[in-house]
Amino acid sequence: MTARRIDGKAAALAIRERVAAFVPAFVGKAGRAPGLATVLVGEDAASAVYVRSKNRATAETGMVSFAHNLPDTTSEDQLLQLVTDLNADAQVDGILVQLPLPPQVNATRVIETIDPAKDVDGFHPINAGRLASGLPALVPCTPLGCLHLLKQELGDLTGLEAVVIGRSNIVGKPMAQLLLAENATVTVAHSRTRDLPAVVRRADIIIAAVGRPEMVRGDWIKPGAVVVDVGINRIPTDDGKGRLVGDVAYDEAADVAAAITPVPGGVGPMTIAMLMRNTLVAAHRRAGLADPEGL
Ligand code: NAD
């Protein structure tokens, strides 16, 4: 295996420490710490783990977390009312509604109800539109984390061929916008793309955000490419516990690529670090302060 293993854990820790370092100065100016409200509806085990990690990370950076755990019988009106209350709460700078939501709730309507200034997930159409227009926005955490790792690895991305596999609003589309803003030449591939391996073989940068275990094979990768694997897939094992793998066949890819993110320990930790960053940025903007520099 020749590829460098990109350490997302270490990069995420560094970001969280930088965020924490900004908090005392913010408290000095605003008279309060930045606040993140998390909203979890129902009992989904993976979602509960994610939300707990987000609340813990918020406290560790010196910010305040407001955890709202609602039963899975919560109606859409009840959830919209909570979001409206959080929009009006001066202590709350960021609102994170954990997806997926139960079937009786229209997730789009919930996202559209969040104040765009508090939309630390960056999913509101105003923030998506601002990102696409090259205006200051709150940017979805996972693609922001991927971009951070890429720039750390490659420096300037100008002119590089980037292939993003997946076109979701959460990962693929904002990833493509971020890469475009960095002057990469961007292709967005998806389930209807013809001859995906041939498309991926052009890439200097591969972002896999599909949700299919080890779909991207070693022989799809141009020697020297940098691979960022967003996928989180649990595959069965003999002991019944299952094992997490990405969307890329790691061992094969690591024989060809220059650098690659592992799963776990790659993109995953970056998502939470960027949520901390977005909360800090939202707090500064809401308080009329300049964005914290270098984040
Ligand atoms: P999604 O299901 O919304 O989108 C998947 C995309 O993959 C779609 O655009 C689809 O067109 C494309 N696709 C499906 N089958 C394909 C195929 N055979 N060939 C090419 N493209 C195909 O998923 P998502 O929310 O974007 O998440 C993608 C993966 O990333 C999942 O495994 C998810 O768990 C993971 N994820 C990880 C993090 C993190 O923090 N690391 C965050 C979000 C999502």
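Remember, it's 1-based here, ligands and their atoms both numbered in the order they're listed.
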For His68, all residues meeting ring-ring contact (aromatic ring centres under 6.0 Å, His included), sequence neighbours excluded: none
Audit row: Asp93, Arg32, salt bridge (charged side-chain N to carboxylate O under 4.0 Å, His left out) steps and yes/no: CA-CA 11 Å; Asp93 298 293; Arg32 62 180 184 83; 2.9 Å; yes
N/O donor-acceptor pairs under 3.5 Å from side chains in residues 57-65, not counting sequence neighbours:
residue: Thr58; atom: OG1; partner: Lys54; partner atom: O; Å: 2.7
residue: Glu60; atom: OE1; partner: Arg16; partner atom: NH2; Å: 2.7
residue: Thr61; atom: OG1; partner: Ala57; partner atom: O; Å: 3.2
residue: Thr61; atom: OG1; partner: Thr58; partner atom: O; Å: 2.8

Report all side-chain donor-acceptor pairs from residues 18-25 shorter than 3.5 Å, counting only partners two or more places apart or in another chain.
residue: Arg18; atom: NE; partner: Gly294; partner atom: O; Å: 3.4
residue: Arg18; atom: NH2; partner: Gly294; partner atom: O; Å: 3.2

Could you list each nitrogen or oxygen of ligand 1 that sits under 3.5 Å from a protein nitrogen or oxygen, with the atom names and the distance?
residue: ligand 1; atom: 9 (O); partner: Arg167; partner atom: N; Å: 2.8
residue: ligand 1; atom: 11 (O); partner: Ser191; partner atom: N; Å: 3.2
residue: ligand 1; atom: 11 (O); partner: Ser191; partner atom: OG; Å: 3.4
residue: ligand 1; atom: 15 (N); partner: Arg212; partner atom: NE; Å: 3.3
residue: ligand 1; atom: 21 (N); partner: Ser191; partner atom: N; Å: 3.3
residue: ligand 1; atom: 26 (O); partner: Ser168; partner atom: OG; Å: 2.5
residue: ligand 1; atom: 30 (O); partner: Val230; partner atom: O; Å: 3.4
residue: ligand 1; atom: 32 (O); partner: Ile232; partner atom: N; Å: 3.1
residue: ligand 1; atom: 40 (O); partner: Thr271; partner atom: OG1; Å: 2.8

Approximate separation, where rounding is to 0.5 Å, of Ile111 CD1 and Ile95 CD1: 12.5 Å
Presence of salt bridge, Glu153 and Arg4, under 4.0 angstrom: yes
